[in-house]
Each structure stands twice: as structure tokens, then as C-alpha cells.
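By convention in this document, chain letters (A, B, ...) are assigned in the order of the sequence lines, proteins followed by strands, and residues within each chain are numbered from 1.
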Amino acid sequence: MARGEAVFSEFVRGFETRENGFLLQPSNSRDLQQRLFSMLQGCKSMRELARLHAQLLVNGFSQKNFLITKLLSFCVSSNNLYHATQAFDMVKEPSTILCNQMIGAFSRSATPETALRFYNRMRASAMAQPNSFTFAFLLGACAAAGTSLLKQGEQLHARILSAGFGVDVYVQTNLVNMYAAAADSATIEKARKVFDDMPHRNVVSWNAMLAGYLRSGDAPSAFRLFDQMPERNAVSWTTMIAGCAQSGRSRQALTLFREMRRARIGADQVTFVAALSACAELGDLEMGRWIHSRIDRGASVGERRLVSLNNALIHMYAKCGAVQDAYRVFQEMPRRSTVSWTTMIAGLTIHGHGDDALHLFRTMQCMKEAKGEKPDAVTFIAVLNACCRTGRIDEGYRFFEQISQVYGIRPSIEHYGCMVDMLSRAGRLSEAWQLAKTMPMQPNEAVWGALLNGCRARRDVKLASQVVDRLMELELEPAHAAGYLVILSNAYAAAGKWDEVRRVRERMVKMGLSKPPGRSWVHVNGVLHSFVAGDRSHRRASDIYRMVGEIAARAKLEGIAPDTSQVLLDVEEEEEREAFLQHHSEKLAIAFGLISIPDVGEPIRVTSNLCICSDCHSTAKFVSKAFGREIVVRDQNLFHHFVDGCCSCKDYW
DNA sequence: TTAGGGTTAG
């Protein structure tokens with residue numbers, strides 16, 4: 001008896017004596033085969049499948065390839081590779097189709113290289129002749145592995161050509177996809193070569209090429225190809241939308257999303273995921289809500305909503321300042337993944353609900369029975385970040401230890417970065433410095449940046465200058481380098497070290513750096529209004545500046561002095577500094593919100609591209625109290641909810 | 001023995 005048969009003998013014994021109407025002596029073998037075939041086709045569970053499998057064996061059909069094929073189909077679609085392998089191993093002379101099913105299943109598994117191993121076994125034992133399906137699946141396995149199976153993929157390519165399968169559209173498309181999936185300039189050219197040589201392409205071939213261009217930092221080529229496409233389907237549009245959203249072209253992504261609607265191509269769940277990610281990036285709550293309502297309206301009966309679509313909604317709401325809506329989506333999800341929990345934990349944290357975030361994480365840890373909901377490396381980044389924001393250092397250390405000791409994950413530089421950030425914010429600067437110097441990898445920009453932020457808050461000019469030296473050894477984007485030097489110069493200015501201020505300024509000039517302009521946005525009636533510091537281009541500029549003046553005057557009456565410690569270094573006269581402060585883009589956006597958004601309980605939502613300065617922060621607190629308006633400011637890192645004179649960040653950002 | 005391969009893209 002073959003190994004696999006023993007496993008089912010238990011079932012078999014059960015069936016020899018038991019009722020289960022359908023087990024009869026094979027009075028007519030052909031009829032029984034047909035009956036089993038249709039039963040396999042209608043099979044609903046692995047349990048039922050095991051029963052049918054047992055019957056198959058009892059009746060001596062274990063070598064009937066077409067029955068085993070149906071059986072494997074079910075195993076494969078329910079992700080039970082173990083049972084599939086067992087059934088396959090029983091067949092003495094497996095057909096090509098049976099082998100293809102196995103290769104296909106392996107290619108889609110977490111270990112696509114097993115597909116190639118299976119193929120080698122298939123060749124060595126000459127169990128069946130490969131055909132175009134075989135090669136298509138194998139190329140799919142190479143594509144799934146990214147670059148690690150590229151060498152083998154190229155060998156396959158050669159074999160495909162010599163074996164005469166190079167004319168098959170599926171094989172060709174899979175070749176394009178494999179080279180495009182590796183996504184570097186050399187393989188993209190190979191993908192394009194195969195693509196150009198195809199006598200007939202279908203929409204999938206075009207989409208694979210499109211995705212390849214977008215995957216490799218080349219949007220122009222993607223747009224060129226997109227324009228040339230003879231036919232575009234939902235996948236083509238989604239590829240473009242997702243590609244744009246992932247490369248910082250979120251506005252363009254939403255433009256494409258609207259064009260897609262105009263072209264009357266129906267968006268599906270994956271399209272919505274991509275569009276929502278663009279909304280999240282832009283903080284476009286109105287569009288996000290609109291998409292949510294479309295999803296609810298368009299949900300067809302019986303269609304299960306993708307977990308990732310709900311995750312995208314959570315992420316969108318959290319990033320658009322509507323954390324309660326994010327939480328509602330999270331609560332109502334019928335199924336959750338690790339990503340759902342992680343997204344929610346991170347969302348709560350950026351809104352100043354770090355304690356709730358940690359509470360949620362503990363709940364997650366208790367859900368031991370739930371599969372696919374275990375914390376992973378990213379979850380721990382969110383968790384450590386929550387500890388950082390709440391100043392829970394002991395807990396932070398405990399969780400940090402759990403990463404490796406309980407979950408067997410090697411802490412990455414991001415985890416160390418969180419720890420340095422946590423210590424820096426708590427003012428434990430020497431500990432943070434020590435950790436940065438002794439951590440097992442070279443500290444990166446984020447690590448030193450966190451420490452620098454701590455130095456600024458604690459006014460430790462000496463350490464700040466050492467940290468900036470480390471930062472300048474790295475390859476930085478000019479805008480970032482400028483930002484760090486501005487922090488250093490402000491630290492010197494606050495300490496009254498004007499010579500040093502001048503020296504930093506000279507350094508910036510020599511490096512050709514200037515601080516990127518601060519920009520703030522506010523949505524009013526679906527229209528986006530954008531402001532830079534000192535901006536007078538707005539249609540209602542005079543009204544806005546009148547309101548800015550009123551806010552400043554009322555604050556002064558209340559005895560609130562402007563905080564000039566974070567003003568740009570080249571404005572050294574006190575009066576000028578105050579004037580400059582008053583016209584920060586955040587203040588202009590808030591003032592415009594005050595005069596143009598009716599007070600019906602909705603907050604004034606402002607998005608800013610930099611971190612809010614301490615003067616704008618205290619102004620927003622003042623406005624929330626004096627004008628009785630809730631203000632939500634999303635800056636580079638977090639949300640500030642200003643209500644009745646207080647901020648959700650507890651003045652800690 | 002007619003029956004069979006979730007072929008490929010987001």
C-alpha cells in the first residue's frame with residue numbers, strides 16, 4: 001500500500017460498513033466514476049473531500065487521472081498542498097495535467113522555488129512531458145520570487161525556445177511578466193524585447209509590461225504605453241492608479257481614477273484599495289468618504305469584501321483625521337489580518353491615543369487562536385511608536401525584548417529607531433546616544449533624526465551638533481539636510497550663540513541648501529486651498545490677513561507671547577520674526593478655515609507638509625478655545641486635534 | 001473513456 005493510502009484507510013474502514021447512501025458496490029464502474037466526478041465537482045469542504053478520496057480508493061480509481069485532477073483542484077483552491085501532495089504521490093503514471101496542477105500550486109505558494117524543484121523531479125523521472133502550461137506556471141514561479149529565481153528563469157527561457165513553446169501567448173506573457181517583475185533596468189529591457197517580438201498580445205501582456213515600468217522609479221514609459229494600449233480593462237487602470245499612488249503621485253492617481261469612471265470601466269475592490277491609498281496620502285477625506293459609500297452601494301450580493309479593502313479604509317480614515325471612522329470599520333470587520341491590527345494601532349497612535357493603541361495590541365496578543373492575526377515586525381514598529389508617544393519606556397523595553405524572545409523576529413533598524421526616538425523624547429539623551437552607537441547596524445537618517453529632535457526639545461546644543469555631524473556623513477536629500485541644519489541653527493539661536501548660527505548659515509549656503517517652503521492645505525466645499533508662508537495670492541487674502549491679525553491681537557490680550565524660537569535663521573530682528581511667524585502657512589490655512597467653513601460642528605482640517613512649529617501649535621490651541629472651533633492639523637508625522645485649548649498630542653511631538 | 005489545468009496582469 002502506498003504511503004498516502006494508509007492515511008485514508010481509516011476513512012475507508014468507516015465507509016465499508018456505514019450508511020452514506022452513495023457507497024455501493026461498483027455494479028457499473030463507469031456510472032460510479034461519473035457520479036464521483038460530479039460529487040468532486042460539488043465538494044464543499046476538506047472533510048467531504050477526504051471522504052470522496054476514500055471512496056475513490058475503495059473502488060480502485062486511484063489511478064484515474066481525471067478524477068485525481070478534480071480532487072487536486074479542490075485541494076489547491078483550499079490551499080491544502082499537503083493533501084494535494086498525498087493524492088498526487090499515489091498516482092503511478094501522473095499525466096502532464098496533474099503535474100501542472102502541482103507546479104501551479106507550488107508557484108503560487110509561499111515557496112515558489114518548490115515548483116522548479118518539482119519540475120526537475122518531473123524531468124529526471126520522465127513522469128510526463130512538459131507542455132506550454134508547465135512552462136507558463138514555472139515562469140510564474142520565477143516571477144513570484146522576484147529576482148532570486150531569475151537565473152533559472154533565463155534557463156527556462158532558453159529551453160522554451162528550443163522546445164518550441166516560444167510561440168504560445170501565455171508563455172510569452174509570462175516571460176514578459178517574469179522579466180518585468182524583477183524590475184531593474186536590464187530586465188525591463190528584456191521584458192520589452194519579448195513584448196515587442198510578440199506577434200499577438202492580449203490585454204494581460206500589456207498590463208504586465210505596464211506594471212514592470214511602474215515597478216522600476218519609470219512612470220513616463222508607463223504612461224506612454226498606457227496611451228498606446230488598444231484596450232484597457234480594470235486591471236490596466238488599477239495598475240496605473242496604484243503605481244502613481246505608490247510613487248508619490250497621489251493627485252495624478254485620483255485624476256486617473258476619475259478618468260476611469262468617465263471611460264465607464266467598472267472599478268473593483270483592488271481599484272478602490274489603490275484609490276483609497278491616494279486619498280490617505282493626500283488627506284482627502286471627502287473623496288475617501290465618497291469611495292466608501294460607493295463600495296457599500298456597489299457591493300454585490302455574496303461577494304466577500306477583501307480584508308485589504310477594509311484595511312485600506314482604516315488607513316484612509318486614520319490618515320484623513322477621522323480616527324473614529326477608522327475604528328468603526330475595524331470593529332465591523334468580519335475577518336481581520338495582522339495588517340488590520342497594525343494599521344489600527346498606528347492610526348490610534350498618530351491621533352494621540354497611544355494608550356488605546358497599546359490596549360489594542362494587548363488584545364491582539366490574547367487572540368492566540370486566530371490565524372493570520374499574529375503580530376509581525378511591522379506591528380512592533382507601531383507598538384514601539386505608541387510607547388514612544390506615551391512615554392512608556394519600561395513597556396517599550398519589554399515589548400522590544402518580546403520581538404525576538406517571544407515572536408522570533410530579529411529587530412530591524414526601524415525597531416532600534418523607535419527605541420532611540422522613545423528615549424530621546426523622554427529626554428534620556430545619553431541613553432539614546434549610547435543605543436545609537438552600540439546598535440548592531442549602522443544608524444540611518446531616521447535614528448539620528450530622532451535623536452536630533454530630542455536634542456532640540458531639551459536644548460542640548462552640544463549633542464545636537466555632534467548628531468548633525470553624523471547626519472551630514474550620510475547621503476541625504478538636500479531638503480532633509482537643510483531641515484537638520486535649520487534645527488541646529490535654531491538650537492544655537494535659542495542659546496544665543498549667534499556666531500554659531502552664522503556658521504551654520506554659511507555651511508548651508510556653501511552646500512547650496514535652503515529650507516523647503518512650508519505648505520498647508522484646507523478643503524472647503526470640495527475645493528482644495530493651498531497656502532505657503534506669507535502667501536497673498538489667495539482670492540480672499542485681505543480677509544485672511546485680517547483674521548490672522550485678529551487672532552494675534554486677541555492672543556496678546558490673553559497674555560500669550562509669540563514663540564520665536566523656531567523662526568528661520570536669516571530673520572534676526574525680533575519684530576520681523578514675529579511678523580514672519582504670523583504668516584506661517586498653517587496660520588493662513590486656519591484663518592481661512594475660520595472665515596469660510598460654517599460652524600456646524602465639523603472641525604477645520606488642515607494638512608501641512610512639515611512639522612508644525614511651536615508658535616502655530618499654541619496659536620491653534622488658542623483659536624480652538626477662543627473661537628470655540630475644533631481644529632485638526634495633520635503634519636509630517638501626526639495629527640493634532642485642538643479642542644478647547646488643548647491638543648491631543650499633549651504638546652509632545 | 002468524452003470527462004481535466006484556479007495558465008498569465010493590478
Mutual orientation of the aromatic rings belonging to A:Trp290 and A:Phe257 [parallel < 30°, tilted 30-60°, perpendicular > 60°] | perpendicular
For A:Ser78 and A:Asn80, indicate whether the former's side chain and the latter's backbone hold a donor-acceptor pair under 3.5 Å.
-> no
Between A:Gln101 and B:dG6, is there a side-chain N or O to OP1/OP2 distance below 4.0 Å?
-> yes
A:Asn65 side chain near B:dG4 phosphate (N/O to OP1/OP2, under 4.0 Å) | no
Neighbours of DNA chain B within residues 214-243 of chain A, by heavy-atom distance under 4.0 Å = A:Arg215, A:Asn233, A:Ala234, A:Val235, A:Thr238, A:Thr239
Could you list by number each residue of residues 263-272 of chain A showing a heavy-atom separation from DNA chain B of less than 4.0 Å, or answer none if no residue does?
-> A:Asp268, A:Val270, A:Thr271
Can A:Tyr170 be said to stack with the base of B:dT8, given centres closer than 5.5 angstrom and planes under 30 degrees apart?
-> no
B:dG4 base stacked by A:Phe66 (centroids within less than 5.5 Å, tilt under 30°) = no
Side chain of A:Asn207 (C-beta onward), nearest among B:dA9, B:dT8, B:dG6 = B:dA9
Would you call [X]-[Y] a salt bridge at under 4.0 Å N-O?
X: A:Arg192; Y: A:Asp196; result: yes
X: A:Asp218; Y: A:Arg224; result: no
X: A:Lys190; Y: A:Asp197; result: no

For A:Phe133, report the nucleic acid contact type (base, sugar-phosphate, nothing); a contact means any heavy atom under 4.0 Å.
-> base
So, do A:Tyr179 and A:His157 have ring centers that fall under 6.0 Å from each other?
-> yes
Are the aromatic ring centres of A:Phe361 and A:Trp341 under 6.0 angstrom apart?
-> no
Distance-minimising heavy-atom pair for A:Ala318 and A:Ala326 = N-CB, 3.9 Å
